[in-house]
Asker: 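Mind having a look at this structure? Questions to follow.
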Amino acid sequence: MKSIKDIEIKEGEKIFLRVDYNVPLKEGKVTDDTRIKRTIPTLEYLLEKKPVLILCSHLGRPKGKVVLELSLKPVVERLSKILNKEIYFSEEIIGENVIKKINSLKPGEILLLENIRFHPGETKDDEKLASELRKLANIYINDAFGTCHRKHASVHALPKLFDKKAAGFLLFDETKNLKKVRENPERPAIAILGGAKIEDKIGIIEGLLEVMDKILIGGGMMFTFWKAMGKNIGKSLLTEDFLNKAKQFLDTGKIILADDSLCAESLESSEIKKLTDIPENMAGYDIGESSIQKFKEEIFLAKTIFWNGPMGVFEKDNFKKGSMEIAKAIAETTKKGAFSLAGGGETISSIKLAGVKEKFSYISTGGGASLEFMEKGTLPGIEALK
Ligand code: ADP
Ligand code: MG
């Protein structure tokens, strides 16, 4: 995979730049511009070469239809402010009108295309859509790490049609840091897993077991393991299909499982009990004190730490302690020289809530993408760039 520094860019040359501007919106305004800001180094580098820049992104899940609330228009204002530069916008994504518009742009100007997922071909990795997009530019650059695990037209079918293609600084940085964890990490290397999207995540444990010395499991994921050990878990999260896998993973001896849980009848209930076996009418919403201590001991010894998935329902004050303590322990260990990497939407929110975001070695912009990279060492969007 080439970096943008490895390719020649001539003044006025047209570049198709796939970015991940899948940002949160409220009443037509961008509420968190982290993802926009992370592409600025790439944009600034490219702008020095004075190409015509065509930016493409998705936003949310419009399912192949125009959904006004998911328009990328609000990004124009924010990006324009950050770069202190006019940003042009095209509601049409492909076709003669866009090509005309692009041809009218001067070197150094930027056009943002409307949400690529308004086109039904995007999520189908449609070759026809790709060949239409191919007509817009001469160079393809991908800086959308958070989307690289998807076989979608603008990240997968499209780059295959270009000879001149490269990764932007963000994509390059993400892969560099994830590789640092995955290939030859300083040991002990540990992964900490939690969260709620268990079906998506249990599968990667297999890959992680080959790389990591230990895997700490808390969050909603822990109860499938508890159940596999024969414990009662009440109404806690469970992924039945993975009970057998969970048993196999436990047999490796590399799993450090949370051994107590803060439980309640519901998230609203103020009556909270610390349990190791959960009655039918209750569910576990955070890890307990014993688990926190056990996890901290492992974290303090580690030299490499990968974290995805909060330890509990940190959005509720009663159940945030586990995630806060783990975030702070990782920050402390990082200060002493360990390498720490975290990814995942809610994981990052919980790190922000703990006030230690700046103290991590690296925060990945991709949740699903970073997990899949940890499992496989590559992603479809990266392969298509090679
Ligand atoms: P990420 O976005 O970091 O990849 P997930 O989307 O998998 O993580 O999961 C995040 C969610 O998991 C959080 O909103 C949190 O409330 C929830 N969660 C964590 N522990 C539990 C639990 N024990 N029961 C129910 N939900 C949980
Ligand atoms: Mg999430």
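Please read all numbers here as calculations on a predicted model, not as lab measurements. One-based numbering, in listed order, for ligands and for the atoms of each.
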Asker: Is the shortest side-chain N to carboxylate O distance from Asp125 to Lys151 below 4.0 Å?
Answerer: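 Judged by the 4.0 Å cut-off on N to carboxylate O distance, Asp125 and Lys151 do not form a salt bridge.
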Asker: Write out the residue and atom name of the closest protein heavy atom to atom 3 (O) of ligand 1, then the distance separating them to 0.1 Å.
Answerer: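 Ranking protein heavy atoms by distance from atom 3 (O) of ligand 1, first comes Thr347 OG1, 2.5 Å.
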Asker: I need the nearest protein heavy-atom contact for atom 2 (O) of ligand 1: residue, atom name and distance, please.
Answerer: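 Heavy-atom neighbour on the protein nearest atom 2 (O) of ligand 1: Glu346 OE1, 2.7 Å.
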Asker: Would you say the side-chain atoms of Lys164 pair up with the backbone N or O of Glu8, donor to acceptor, closer than 3.5 Å?
Answerer: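 Checked: pair present.
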Asker: Judged by modelled atom types alone, do Ser364 and Glu174 share a side-chain donor-acceptor pair under 3.5 Å?
Answerer: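 Yes, Glu174 and Ser364 have a side-chain donor paired with an acceptor closer than 3.5 Å.
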Asker: Any salt bridge linking Glu132 with Lys135? Criterion: basic side-chain nitrogen under 4.0 Å from a carboxylate oxygen.
Answerer: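 Looking at Lys135 together with Glu132, the answer is yes, because their closest N to O distance falls below 4.0 Å.
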Asker: What is the closest protein heavy atom to atom 21 (C) of ligand 1, and at what distance does it sit?
Answerer: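 Among all protein heavy atoms, the one nearest atom 21 (C) of ligand 1 is Gly220 N, 3.5 Å.
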Asker: Are Lys201 and ligand 1 in contact, using a heavy-atom cut-off of under 4.0 Å?
Answerer: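 The answer is yes, since Lys201 has a heavy atom less than 4.0 Å from ligand 1.
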Asker: Hey, does Gly194 sit under 4.0 Å from ligand 1 if you only count heavy atoms?
Answerer: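 No, Gly194 has no heavy atoms under 4.0 Å from ligand 1.
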Asker: Return a yes/no value for Lys197: is any of its N or O atoms, backbone included, closer than 3.5 angstrom to an N or O of ligand 1?
Answerer: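 Yes; the residue has a nitrogen or oxygen that sits under 3.5 Å from a nitrogen or oxygen of the ligand.
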Asker: Does a salt bridge link Lys49 with Glu13, judged by any charged N lying under 4.0 Å from a carboxylate O?
Answerer: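 No, no charged N to carboxylate O under 4.0 Å.
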Asker: Salt bridge between Glu114 and Lys73, side-chain N to carboxylate O under 4.0 Å?
Answerer: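 Looking at Lys73 together with Glu114, the answer is no, because their closest N to O distance does not fall below 4.0 Å.
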Asker: Under a 4.0 Å N-O cut-off, is there an ion pair linking Lys359 with Glu332?
Answerer: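 No salt bridge links Lys359 with Glu332.
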Asker: Determine the interplanar angle of the Phe16 and Tyr140 rings, folded into 0 to 90°, and report it as parallel if under 30°, tilted if 30 to 60°, perpendicular if over 60°.
Answerer: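 If you compare the ring of Phe16 with that of Tyr140, the planes turn out parallel.
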Asker: Show the atoms of ligand 1 that are less than 4.0 angstrom away from any heavy atom in Phe223.
Answerer: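 Answer, ordered by atom number: 23 (N).
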Asker: Nearest to atom 18 (N) of ligand 1, what protein heavy atom do you find, and at what distance?
Answerer: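 Ranking protein heavy atoms by distance from atom 18 (N) of ligand 1, first comes Gly312 O, 3.9 Å.
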Asker: Within the 4.0 Å heavy-atom shell around Gly345, which atoms of ligand 1 are there?
Answerer: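 Contacts of ligand 1 toward Gly345, numbered from 1: 1 (P), 2 (O), 3 (O).
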Asker: Could you tell me, atom by atom, which parts of ligand 1 come under 4.0 Å of a heavy atom of Tyr285?
Answerer: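 Heavy-atom distances to Tyr285 below 4.0 Å select 23 (N).
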Asker: Heavy-atom contact under 4.0 Å between Gly367 and ligand 1?
Answerer: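 So Gly367 does not count as touching ligand 1.
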Asker: Distance under 4.0 Å to a non-hydrogen atom of Gly195: what atoms of ligand 1 satisfy this?
Answerer: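 Taking each heavy atom of Gly195 in turn, ligand 1 has 7 (O), 9 (O), 12 (O) under 4.0 Å.
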Asker: Does a side-chain N-to-carboxylate-O contact under 4.0 Å join Arg18 and Asp143?
Answerer: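 Looking at Asp143 together with Arg18, the answer is no, because their closest N to O distance does not fall below 4.0 Å.
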Asker: To which protein heavy atom is atom 9 (O) of ligand 1 closest, and what is the distance rounded to 0.1 Å?
Answerer: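 Its nearest protein heavy-atom neighbour is Ala196 N, 3.0 Å.
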Asker: Give the residue, atom name and distance (to 0.1 Å) of the protein heavy atom nearest atom 26 (N) of ligand 1.
Answerer: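 In this structure, atom 26 (N) of ligand 1 has Val313 CG2, 3.6 Å as its nearest protein heavy atom.
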Asker: Test your reading of the model: is there a side-chain donor-acceptor pair from Asp33 to the backbone of Ile36, 3.5 Å cut-off?
Answerer: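 No.
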Asker: Work out which heavy atom in Ala342 is nearest to a heavy atom in Ile351; give both atom names and the distance.
Answerer: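 Taking every non-hydrogen atom into account, CB-CD1, 3.5 Å.
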Asker: Looking only at protein heavy atoms, which one is nearest to atom 23 (N) of ligand 1, and what is the separation?
Answerer: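 Minimum-distance protein heavy atom for atom 23 (N) of ligand 1 reads Gly284 O, 3.0 Å.
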Asker: Between Ile348 and ligand 1, which part of the residue brings a heavy atom under 4.0 Å of the ligand: side chain, backbone, both or neither?
Answerer: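 Neither; nothing of Ile348 gets under 4.0 Å from ligand 1.
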Asker: Taking only protein atoms, how many N, O or S atoms are found under 2.8 Å from the Mg ion (ligand 2)?
Answerer: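 Total protein N/O/S atoms under 2.8 Å from the Mg ion (ligand 2): 1.
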Asker: Tell me which protein heavy atom sits closest to atom 14 (O) of ligand 1, plus the residue, atom name and distance to 0.1 Å.
Answerer: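 Result for atom 14 (O) of ligand 1: Glu315 OE2, 2.4 Å.
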Asker: Tell me whether Ser323 contacts the main-chain N or O of Met311 through its side chain, where contact means a donor paired with an acceptor under 3.5 Å.
Answerer: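 It does hold such a pair.
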Asker: Is the shortest N/O to N/O distance between Leu237 and ligand 1 below 3.5 Å?
Answerer: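 No: no nitrogen or oxygen of Leu237 is under 3.5 Å from one in ligand 1.
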Asker: Can you name the nearest heavy-atom pair linking Lys274 to Glu289, along with the distance?
Answerer: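 The pair with the smallest heavy-atom distance is CD-N, 4.1 Å.
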Asker: With a 4.0 Å cut-off, would you call Lys165 and Asp6 a salt bridge?
Answerer: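 No, Lys165 and Asp6 are not salt-bridged.
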Asker: Decide if the gap between the ring center of Phe314 and the ring center of Phe319 is smaller than 6.0 angstrom.
Answerer: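 They do not qualify: ring centres at least 6.0 Å apart.
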